[in-house]
Number of protein chains: 2
Amino acid sequence: MLAKIKAAKESLRNSEKKVADAVIADPDSAVQSSIHAIAIRAGVSEPTVIRFCRALDCVGFQQFKLKLAQDLARRGTFFYQDVTAEDTSGVLANKLLDGAIASLVQIRNQINEEALDKAIALYESCSRVELYGSGGSAVVAEDAQLKFFRLGKPAIAYSDPHIQHAAAALLDRDALVIAISHSGRSSDILKTVEIARASRAKVISVTATRSPLAQSSDVALTVDVNEDSDIFSPVKSRLGQMVVLDVLAVGVAVRGGDHMLEQLAKARRAIDFKFV
Amino acid sequence: MLAKIKAAKESLRNSEKKVADAVIADPDSAVQSSIHAIAIRAGVSEPTVIRFCRALDCVGFQQFKLKLAQDLARRGTFFYQDVTAEDTSGVLANKLLDGAIASLVQIRNQINEEALDKAIALYESCSRVELYGSGGSAVVAEDAQLKFFRLGKPAIAYSDPHIQHAAAALLDRDALVIAISHSGRSSDILKTVEIARASRAKVISVTATRSPLAQSSDVALTVDVNEDSDIFSPVKSRLGQMVVLDVLAVGVAVRGGDHMLEQLAKARRAIDFKFV
DNA sequence: TTAGGGTTTGTAATAAAACTACACAATGAA
DNA sequence: TTCATTGTGTAGTTTTATTACAAACCCTAA
């Protein structure tokens, strides 16, 4: 629509051109304005605005506004923008959400199907799962625990590194570790994984590509995200980790066939009803 | 917007529900209709249609139509698809990520700037924060705690409803509660908030539009998401809640000026290095 | 240059849509 | 049952969009 206005502009009458300029100058406010407001802003009369709409193949002003609104909604995908002290809270929210969306899109484009299949296979051949994550990643580990313990095998999350060490030492070859870390460079988690592997447990890591943690695990589900703009701890990678673990859990569930899916749906409804 | 309508439907009055049904049944024609036409199709009076729009946080019918139109325009980029047992893990991952992305886009389009400003003001005027969430929302509460305790005021998260009750009873007028719940209908969280308000604490809720929890809090930061396709507990609303709380925390931080932002950046680097 | 055709634009009136105020009806608690 | 509260519709008001028409403009040709 905006393109259409620009293209049609030359063939418009003079005062209609003024309308075109006013709309192009600030399309966002145009969709919220009445004919009256636009007429004033363009310095023309109200019927001129209607004639402008008709020139653009719209039956009236309302339809024009609707088409323009839909156009604006579609424009511009999502990208990072740093927040500044001058942003209103609405602008701020949009920037942060755009960033979060952009990072999920990035993850979507980076999925390693092979790793995912391997990870699913590892879950299927294990008898229990332990999830390790500290700091921000502890939250992700707990969230994943909620999913995995419904899949039929014991699942437990530890966030304290000392307890992780102790737990890892008690694992055996039937245990599966899921180690979560944004950077994959924290000495605590590396030590924990080392101990776990010494106990012959399998290790899936959810972390950054080619990080030490990724390299020392059997399968790495990588989550790489542009974190520069995060003020707090990395929210975006947290979101990404949660989604990737959801993918893993759903992947396992789907392999279990319709029966398992139904059971999970039931479980979900029961829990939703009470808790969420 | 459609998700918002679905989420709010239960809390609407009977004849408003008829409007909701009519809109959901054929949203495409709804955006082209006048109040009159929609009123007839839903079998209600015209003011009821307007009241329906207002219930959805729109200032009037026009704004409602505009938002709905934009919503419809945006759909189709990323959209929900149910997973099936035949999906390869790659397809599965794409479907789930698309769904997650779509839900964040929805949230982005629903930001209530006014509520956000109020929430920021509430934080600024409180002396400490308590975060309450159970089940899946407990994870979100913990995540938010990590952010808020860096902002300079004590912040603590409780996930056990009994402890929440006890904690809420001990609050005073300087305390701020952030209550997190997907449905906003769990009796536990409602009871907790009731106690908190009796203690004269302020309450921000992160929950579904017009849910009982939203209605019984001072400010509601609404997160409405289409959860039909989730196999496990609502992942998407979890993501949304986390992002919304991130927006709130960043909003507070930004109001603190450049000095605060620098400090947070420092804190972040220190913690990243060690933990994440 | 100016009279007359068409074209462009605005004014004012009309129609339609959105919205408000209020009153009646339904519902639920005392 | 009565009273209070909530919900819903009717009728009127305001705002917005649209139409009809006339003034202004511009070009061409006498």
Side-chain angles (χ1 to χ4, degrees), chain A residues 1 5 8-23 26-70, chain B residues 1 5 8-24 26-71 114 185 190 194 209-216:
Chain A
M1 201 69 199
I5 297 174
K9 200 176 139 188
E10 284 317 305
S11 69
L12 293 174
R13 316 195 241 258
N14 283 330
S15 44
E16 285 166 18
K17 249 179 240 173
K18 290 185 199 163
V19 181
D21 287 332
V23 171
D26 190 354
D28 295 271
S29 81
V31 297
Q32 309 208 28
S33 310
S34 66
I35 288 191
H36 183 72
I38 291 179
I40 288 178
R41 207 169 322 139
V44 300
S45 71
E46 299 183 10
T48 298
V49 177
I50 293 178
R51 285 189 279 259
F52 162 81
C53 299
R54 301 252 159 93
L56 262 38
D57 301 321
C58 295
V59 47
F61 178 68
Q62 286 297 340
Q63 196 187 64
F64 167 76
K65 246 171 60 169
L66 222 63
K67 282 191 182 179
L68 184 62
Q70 300 201 321
Chain B
M1 201 68 198
I5 296 174
K9 203 177 133 186
E10 283 317 305
S11 69
L12 293 174
R13 316 195 240 256
N14 283 329
S15 44
E16 285 166 17
K17 244 180 245 174
K18 290 185 200 165
V19 180
D21 287 331
V23 171
I24 290 168
D26 191 354
D28 295 272
S29 80
V31 298
Q32 310 211 28
S33 310
S34 65
I35 288 188
H36 182 72
I38 291 179
I40 289 178
R41 206 169 324 138
V44 301
S45 71
E46 300 186 9
T48 298
V49 177
I50 294 177
R51 286 189 278 259
F52 163 80
C53 300
R54 301 250 159 95
L56 262 36
D57 299 322
C58 295
V59 44
F61 177 69
Q62 287 296 341
Q63 196 187 63
F64 166 77
K65 243 170 63 169
L66 222 63
K67 282 192 181 177
L68 185 61
Q70 299 203 322
D71 206 47
E114 198 188 330
R185 293 169 195 283
L190 288 171
E194 194 187 307
T209 300
R210 292 179 62 79
S211 61
L213 176 56
Q215 284 170 340
S216 64

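We name chains A, B, ... by the order of the sequence lines, and we start the count at 1 in each one. Excluded from the calculations below are hydrogen atoms, water molecules and symmetry mates; all remaining heavy atoms, backbone and side chain alike, are included.
Taking B:S11 as the reference, B:R210 meet the side-chain hydrogen bond (donor to acceptor under 3.5 Å, both in side chains) condition, with sequence neighbours excluded. The side-chain hydrogen bond (donor to acceptor under 3.5 Å, both in side chains) test applied to B:N14 returns no partner, not counting sequence neighbours. Qualifying side-chain hydrogen bond (donor to acceptor under 3.5 Å, both in side chains) partners for B:D71, counting only residues two or more places apart in sequence or in other chains: none. Considering only residues two or more places apart in sequence or on other chains, B:A22 meets the side-chain contact (heavy atoms from CB on, under 4.5 Å) condition with B:A42. Remark: B:A214 engages B:S205, B:T207, B:S211, B:A220 in a side-chain contact (heavy atoms from CB on, under 4.5 Å) (not counting sequence neighbours). With sequence neighbours excluded, no residue forms a side-chain contact (heavy atoms from CB on, under 4.5 Å) with B:Q32. Residues meeting the side-chain hydrogen bond (donor to acceptor under 3.5 Å, both in side chains) test with B:S216, sequence neighbours left out: none. Contacts of B:D21 classified as side-chain contact (heavy atoms from CB on, under 4.5 Å), with partners at least two apart in sequence or in another chain: B:K9.
Among the protein residues, B:I35 comes within range of the sugar-phosphate backbone only, with heavy atoms under 4.0 Å from sugar or phosphate atoms but none that close to a base.
If you take CZ of A:F64 and P of D:dT18, they are 12 Å apart, rounded to a whole angstrom. One can place CD of B:Q215 at 13 Å from C1' of D:dT6, the figure rounded to the nearest angstrom.
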Acceptor/donor pairs from residues 44-54 of chain A side chains to any protein atom, 3.5 angstrom cut, sequence neighbours excluded:
from	atom 1	to	atom 2	distance (Å)
A:S45	OG	A:T48	OG1	3.1
A:E46	OE2	A:H36	ND1	2.7
A:R54	NE	A:V59	O	2.9
A:R54	NH2	A:V59	O	3.4

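Heavy-atom contacts of chain B under 4.0 Å fall on DNA chain C between two terminal nucleotides, which in 5' to 3' order are C:dA18 to C:dT20.
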Listing time: all N or O pairs from protein to nucleotides 9-11 of chain D that are below 3.5 Å?
from	atom 1	to	atom 2	distance (Å)
D:dG9	OP2	B:S45	N	3.4
D:dG9	OP2	B:S45	OG	3.3
D:dG9	OP2	B:T48	OG1	2.9
D:dG9	N7	B:R51	NH2	2.9
D:dG9	O6	B:R51	NH1	3.4

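For the segment residues 52-63 of chain B, the set of residues with a heavy atom within less than 4.0 Å of an atom of DNA chain D is empty.
For B:E114, the CD atom is loosely surrounded, since the number of other residues' heavy atoms within 6.0 Å does not exceed 12.
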